Amino acid sequence: MWMDVLLLYGGMEMEWLNKEMTDRAWIEIDFMNLKHNVSFLESIMNKRCKLMAVVKANAYGHGSTEIARYLNQLGVDSFAVATLDEGISLRKQGIEGEILVLGYTSPFRFQDLITYNIIQTIIDYDYGQKVNEFNQNIAVHIKIDTGMHRLGIKTSDVLQIKELLLCKSLNVKGMFTHLCVADSNDEKDIRYTQNQIDNFYQLVDELKKDGIEIPKIHLQSSYGLLNYPNIPCDYARIGIALYGSLSELGDKTKIEPNLLPVLSLRARVALVRELEEGECMGYGLTFLAHRNSKVAVVSIGYGDGYPRNLSKGAGRVLIHGQYAGIIGNICMDQLLIDVTDIDEVKEGDIVTLIGKDSDKEIKAVEVSSASDTLANELLSRLGSRLKRIYKDLSYI
Ligand SMILES: *Cc1c(COP(=O)(O)O)cnc(C)c1O
């Protein structure tokens, strides 16, 4: 990592990038922007509330070990993952603090929860009984279904919840719910969300009346925090906002998100070729040159997680500080861009698919929107074939 850092900042030129890390297609992660996002998100949380960094799906494509390690250095000591194996991987890499598995873990693997000191979500009453029957004092958070109807025990099943709280082998460290329309400004959705929040706190109060104090409660994810910031709770489970993006283009949130994108996606030009007017190009011959054209073949494709439905002009990239449209069909490992109007494009030039190039920028959420999906999906699908470079100015 040191070498990359020195090479990145050893000179002003992008060409100083480590040539082996940037030979084909790669991701650059900007830790300073991640640090900025952490500070901003913490600044809009209640005093009592702490950041629970959601690092599932390889930290939304950013590299879970490196992201969690850096967050550990910043003092973040609470993480959420989707699967047990994601949690184990973090532990094996020396990540400290609490790790909560948000999803299902098979009873065959309960021992690993103890071995690796990982907290399991109780996804319903029967599951809670199974964890209890394992008889090993497993740390858990109980999931409450307040309206999403995916995982969790219904607030009306308060007797079941109380029963679980009395189970000898359940070390209940927390209780949480998930808001399912917190991103929406629609009046009906706001009422639905408020109802979810109210039902959750009614349950908390009812337990309190019985003398049961749940150590930690949490309910917001990124949009929950940005749209419902003043909820008294112990954690906010933040994913997409931590990485400096919203999920959808044009979303308006109650709190203006002061976020900086953490990830850039770049690739090299493999070659540049001339196409005569009337010639076609690529799979399906879907591109027809309406004039004598210059086309660059770029070494990244849908096999790297770049969406194929950005073919035929739907997507664009930056090269030499200018926009260039994607032409023809995107291939598994390569794509084509029209550089007829851009001077001196040559083999080895850097193409930016997400990120800044001089004064222009392509945001992840713009790419995902053009591809008809969320930034969350686009980022989490960025593949293992992409090398990941971590830039941290504070090391220098
Ligand atoms: C993925 C996930 C989050 C994070 O959501 P973002 O919208 O990315 O902040 C929070 N809570 C649960 C239960 C999740 O599954």
Side-chain angles (χ1 to χ4, degrees), residues 34 37-38 40-42 44-45 49-62 64 67-68 71 76 78-84 86-87 90 98-105 118-124 127 140-153 174-184 189 193 196-197 200 216-229 231 233-249 251-255 257-259 261-263 363-365 368 373-382:
L34 180 61
N37 296 339
V38 169
F40 167 72
L41 291 162
E42 285 178 342
I44 62 171
M45 288 175 197
C49 186
K50 281 187 8 176
L51 171 69
M52 181 185 282
V54 180
V55 292
K56 62 190 180 188
N58 201 21
Y60 293 47
H62 293 60
S64 55
I67 294 289
L71 291 172
V76 175
S78 179
F79 299 93
V81 292
T83 73
L84 173 63
E86 289 177 338
L90 292 181
E98 295 194 325
I99 299 176
L100 170 66
V101 177
L102 297 169
Y104 171 79
T105 294
I118 289 169
I119 306 172
Q120 175 58 43
T121 293
I122 299 299
I123 59 173
D124 74 354
Y127 189 80
V140 299
H141 285 202
I142 297 177
K143 178 91 183 259
I144 305 299
D145 175 16
T146 53
M148 184 168 183
H149 308 319
R150 184 176 60 178
L151 301 180
I153 305 172
M175 186 171 86
F176 70 103
T177 191
H178 196 41
L179 308 173
C180 50
V181 281
D183 56 323
S184 169
D189 293 332
T193 304
Q196 282 191 280
I197 296 169
F200 184 72
K216 307 282 183 191
I217 57 172
H218 46 106
L219 55 174
Q220 300 145 301
S221 55
S222 295
Y223 282 90
L225 178 65
L226 291 167
N227 282 327
Y228 303 84
I231 300 176
C233 54
D234 300 287
Y235 294 117
R237 305 182 304 269
I238 307 295
I240 193 67
L242 190 59
Y243 307 107
S245 182
L246 290 182
S247 296
E248 287 198 84
L249 197 61
D251 274 344
K252 292 274 171 284
T253 51
K254 189 166 172 193
I255 292 192
N258 174 9
L259 301 167
V262 174
L263 177 146
K363 291 195 166 144
V365 74
S368 61
T373 186
L374 306 180
N376 312 40
E377 181 183 345
L378 172 76
L379 293 170
S380 66
R381 288 167 72 109
L382 293 176

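Small disclaimer: the values here were computed from a predicted structure and weren't measured. Ligands are counted one by one from 1 in listed order, and the atoms in each one are counted from 1 as well.
Nearest non-hydrogen protein atom to atom 2 (C) of ligand 1 is Lys56 NZ, 2.6 Å. Summary of contacts: the protein heavy atom closest to atom 9 (O) of ligand 1 is Ser222 OG, 2.5 Å. Given atom 12 (C) of ligand 1, the protein heavy atom at minimum distance is His178 CE1, 3.4 Å.
Looking at ligand 1, you won't find any N or O of Ile238 less than 3.5 Å from one of its N or O atoms. Ligand 1 has an N or O atom lying under 3.5 Å from an N or O atom of Arg237, backbone or side chain. For ligand 1, the polar-atom distance check against Lys143 finds no nitrogen or oxygen pair separated by under 3.5 Å. Annotation: Ile240 places an N or O atom under 3.5 Å from an N or O atom of ligand 1; distance criterion only.
Side-chain atoms of Ser78 and Glu98 include no donor-acceptor pair closer than 3.5 Å. One side chain, His149 or Asp145, offers a donor N or O that lies under 3.5 Å from an acceptor on the other. When only modelled atom types and interatomic distance are considered, Thr373 and Ser368 share no side-chain donor-acceptor pair under 3.5 Å.
If you number the atoms of ligand 1 from 1 as listed, the ones under 4.0 Å from a heavy atom of Asn376 come out as 8 (O).
With a heavy-atom cut-off of 4.0 Å, Leu242 does not touch ligand 1 at all.
Looking at every heavy atom in both residues, Ser247 comes nearest to Tyr223 through N-OH, 2.9 Å.
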| When you look at Tyr104 and Tyr127, which way does the ring pair (Phe, Tyr, Trp, His ring centres under 6.0 Å) test go after all the steps? | CA-CA 9 Å; Tyr104 171 79; Tyr127 189 80; 5.6 Å; yes
| request: Evaluate the side-chain contact (heavy atoms from CB on, under 4.5 Å) criterion for residues Met52 and Lys216: first the C-alpha distance (whole Å), next the side-chain angles of each, then the deciding distance (0.1 Å), finally the verdict. | output: CA-CA 12 Å; Met52 181 185 282; Lys216 307 282 183 191; over 6 Å; no
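Here Glu377 contributes atom CD and Ile240 contributes atom CD1; the two are 11.5 Å apart, rounded to the nearest 0.5 Å.
Nearest to atom 6 (P) of ligand 1 by heavy atom, out of Tyr235, Tyr60, Tyr243, is Tyr60.
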